[in-house]
Protein chains: 2
Amino acid sequence: MNISQLAEHLGLAVSTVSRVLSGNAEKYRISNQTADRIREAAVLHQVVPDPLGTSLRKGKSGMIGLLVPDITNPFFAHLARAIELHLRKSRIAVQLCDSAEDPETEMELLENLLQRRLDGMILAPVGVESESLARCLEGSPMPIILMDRIVSGVALPSVSLDHFAAGKLAATTLLQSGHSHLGCLRGSPQSSADQGRLAGVEEAVREWKSPAHLTVKGSGYSLEKSLSEAQALLSCNPRPTAILTLTGQGTLGILNRANDLQIRIPEELSLLAFDEQPWSRLVSPPLATISQPIEKMATRATELLIEALEKGKKQPPPQQILYDAELQLRKSVAHFSADAD
Amino acid sequence: MNISQLAEHLGLAVSTVSRVLSGNAEKYRISNQTADRIREAAVLHQVVPDPLGTSLRKGKSGMIGLLVPDITNPFFAHLARAIELHLRKSRIAVQLCDSAEDPETEMELLENLLQRRLDGMILAPVGVESESLARCLEGSPMPIILMDRIVSGVALPSVSLDHFAAGKLAATTLLQSGHSHLGCLRGSPQSSADQGRLAGVEEAVREWKSPAHLTVKGSGYSLEKSLSEAQALLSCNPRPTAILTLTGQGTLGILNRANDLQIRIPEELSLLAFDEQPWSRLVSPPLATISQPIEKMATRATELLIEALEKGKKQPPPQQILYDAELQLRKSVAHFSADAD
DNA sequence: TACCCATGAACAAACGTTTGCGCGAATCGA
DNA sequence: TCGATTCGCGCAAACGTTTGTTCATGGGTA
């Protein structure tokens, strides 16, 4: 039963029912008597204004798109959950899309989402530079908030970790523990997040008070790739005394290979990992991590989006909002003593 | 620009443009000349039929709801990803909802989804019995496919692991390795999945050729709970020589506490865990797991749903579709030798 | 020439809302 | 008692499609 049928049933006009059911009873001066009658009948017959009709009339779908590279990645899963929760409070639904870290899929999904005339969208891009992607985003008719990674050449508001500062913090932490040869396992060289983190690491090493050396390995997010790159990094001669991993998979790769090679952590190798995982503090030794304030970032992004929606779907100013990483110092990072090597 | 503006621009009727753009040109015998002219203009002006209008007219939103207890749980994340991928091929979008393992939130979300007049929905219930939940599902106007867990008292089609058989397989595996005292760390006693698994375990123990003993601990999915329950299980006297964990958190709990107590795996304790995780084969020793054929289940569930959608949104017959678990036997399970205890 | 039929496209109703406007009735001040 | 205001609600248009029906045109046959 829809509201016009309910109106007929009650002998009232559709407009009256609509006004009451959409909470505008007093605004249009519907008498309490009539309003209550409508409300009662509505709950009795389980009548709710059809969102399709509402959307069409209002020109809003009440839905935003969330496009992530990999919902299977705990970081994005947490992000998605927080975003959905926040938007729910504003009665906005979330359409989920997973681009599987593939730029082409991402492009298709993006076009699809734009066609669907959603109210807005939160996008965590795969991170590969693409002219067509940039053009597609540039001319978007809806507000778009970028998360985690940015798209070069596009002026869009973004919410992310201060990757540069985080990388610097991580490297400095290891340097301060006495390590002078750092290893770094990166993810994709394409990703702006990785680029930022690595740049931070490099600057920390460059600015360190005494000479320090940095070995960088890795490319890609797959587990197989991470394993072989971890192997490569651990086989360096001389081997780094401390390793920083920029991705979750990379961390698993190092943990696994170090175990195979019987390298003791932290006695022979210190390990600091990006992204806190559920098991980080449970493995042995507990893993020191650089964690992201996921909740805060999700909150900020949704606030930005909601604000844009209320201001008539206009794009908010292209500010870059950065958050500081949090260092969880645990036993996997130890002070370097020369006799171990 | 919408199709009516495009029609006006071309000096044609809206209906003609609509027929061409929705791919029904020849069905309504639009001349190739006209059709091509429309198509060209459409790509030029980036005109696509507005899904809102289409939805309203057709009475379909082209969108289904996916309600999971915790998208942060890798199992559900994988499920969500596979489901979204499959439905995308049929041009169906997915609205994501996360109930945070909370029955009340689940109930609210469910009502919300039902109101949104989606085309259908895939539901992985929290698993707590609830009269109102059952009633809500029973009278649903859209097809609903249950996943992973079932809701007692409701005749809905479901796709899930054969939890009972999986539990039996797991327990039998441990018994066959010579263990006669099994420990089991469960999740929530409310969950039909856990109930099934545990029942399978109990039957395996009961039917085993020689006397065997089973100690069951655990309740809830939180990490803290899992840690304390793991502690309790490992502190039993006598301690089980093999432990089966029914949840991911439980596995982490056992791994952590075993490490604290300096219990060597598998020499002093065999461990078999439900649900394959990205790190399962990477920890030391590699973890034996009972894995679920997530892809297959997701495929089947979406097939069921799509079929129902094509048959006019009617509920498919309430069949229960079960899949067999797959045993990944790894080094964390060892043959029991009496001298170790 | 008159008729029929196939062709190609327009007309209009319907999907379910929201909302500016208007209208009759009741209330009020003078 | 009368004009002016307020109150309570209905009317109708509009949002953007889809689709059954109609209509004009032209070619073919009788």
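Because the structure is predicted, anything quoted here is derived from the model rather than measured. Order of the sequence lines sets the chain letters (A, B, ...), proteins ahead of strands, with each chain counted from 1.
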Could you tell me whether B:L52 contacts a base, only the sugar-phosphate backbone, or nothing, with contacts defined as non-hydrogen atoms closer than 4.0 Å? nothing
Could you list all the salt bridge (charged side-chain N to carboxylate O under 4.0 Å, His left out) pairs where at least one residue sits in residues 22-36 of chain B, not counting sequence neighbours? B:D36-B:R39
Quick one: which protein N/O atoms are closer than 3.5 Å to N/O atoms of nucleotides 27-29 of chain C? Pair and distance per line, please.
none

So, does B:S22 use its side chain to make a donor-acceptor pair with the main chain of B:S18 at under 3.5 Å? yes
Consider the side chain of A:N2, meaning its heavy atoms from C-beta on, and name the nucleotide among D:dG16, C:dG16, D:dT19 that approaches it most closely. C:dG16
Taking NZ from A:K60 and C1' from C:dT19, how many angstroms apart are they, rounded to a whole number? 16 Å
Hey, what are the protein-to-nucleotides 6-10 of chain D N/O distances that come in under 3.5 Å?
residue: D:dG8; atom: N7; partner: A:R29; partner atom: NH2; Å: 3.4
residue: D:dC9; atom: OP1; partner: A:S31; partner atom: OG; Å: 3.2
residue: D:dC9; atom: OP1; partner: A:T34; partner atom: OG1; Å: 2.1
residue: D:dC9; atom: OP2; partner: A:S31; partner atom: N; Å: 2.6
residue: D:dC9; atom: OP2; partner: A:S31; partner atom: OG; Å: 3.2
residue: D:dC9; atom: OP2; partner: A:T34; partner atom: OG1; Å: 3.4
residue: D:dG10; atom: OP1; partner: A:A13; partner atom: N; Å: 3.3
residue: D:dG10; atom: OP2; partner: A:A13; partner atom: N; Å: 2.9
residue: D:dG10; atom: OP2; partner: A:T16; partner atom: OG1; Å: 2.4
residue: D:dG10; atom: O6; partner: A:R19; partner atom: NH2; Å: 2.5

Specify the separation, in whole Å, of atom NZ of B:K58 and atom P of D:dG20. 12 Å
From CD of B:Q5 over to P of D:dG16, roughly how many Å is that when rounded to an integer? 7 Å
Who pairs with A:D102 by salt bridge (Lys or Arg N to Asp or Glu O under 4.0 Å), at least two apart in sequence or on another chain? none
Would you mind reading off the distance between B:I38 atom CD1 and D:dT17 atom P, rounded to a whole angstrom? 13 Å
Nearest whole angstrom, please: distance from the P of C:dT17 to the CG of A:N24. 15 Å
Sub-3.5 Å donor-acceptor pair from the side chain of A:D119 to the main-chain atoms of A:S61, do we have one? yes
Rounded interatomic separation in angstrom, taking NZ from B:K27 and C1' from C:dT7: 18 Å
Could you tell me the separation between the CG atom of B:L6 and the P atom of C:dA9, rounded to a whole number of Å? 15 Å
Look at A:E303 together with A:R300 and state whether they make a salt bridge at an N to O cut-off of under 4.0 Å. yes
Salt-bridge contact A:R149-A:E101 (side-chain N to carboxylate O under 4.0 Å): yes
Contacts satisfying ring pair (Phe, Tyr, Trp, His ring centres under 6.0 Å) that involve residues 21-77 of chain B (not counting sequence neighbours) are B:H9-B:H45
Have B:S132 and B:S130 got a donor and an acceptor in their side chains that come within less than 3.5 Å? yes
For B:V47, which contact category applies under a 4.0 Å heavy-atom criterion: base, sugar-phosphate, or nothing? nothing
Could you work out, with side-chain contact (heavy atoms from CB on, under 4.5 Å) as the rule, every residue matching A:T34, not counting sequence neighbours? A:L12, A:T16, A:I30, A:S31, A:I38
Rounded off to whole Å, could you give me the CG-to-C1' distance for the B:L56 and C:dA13 pair? 13 Å
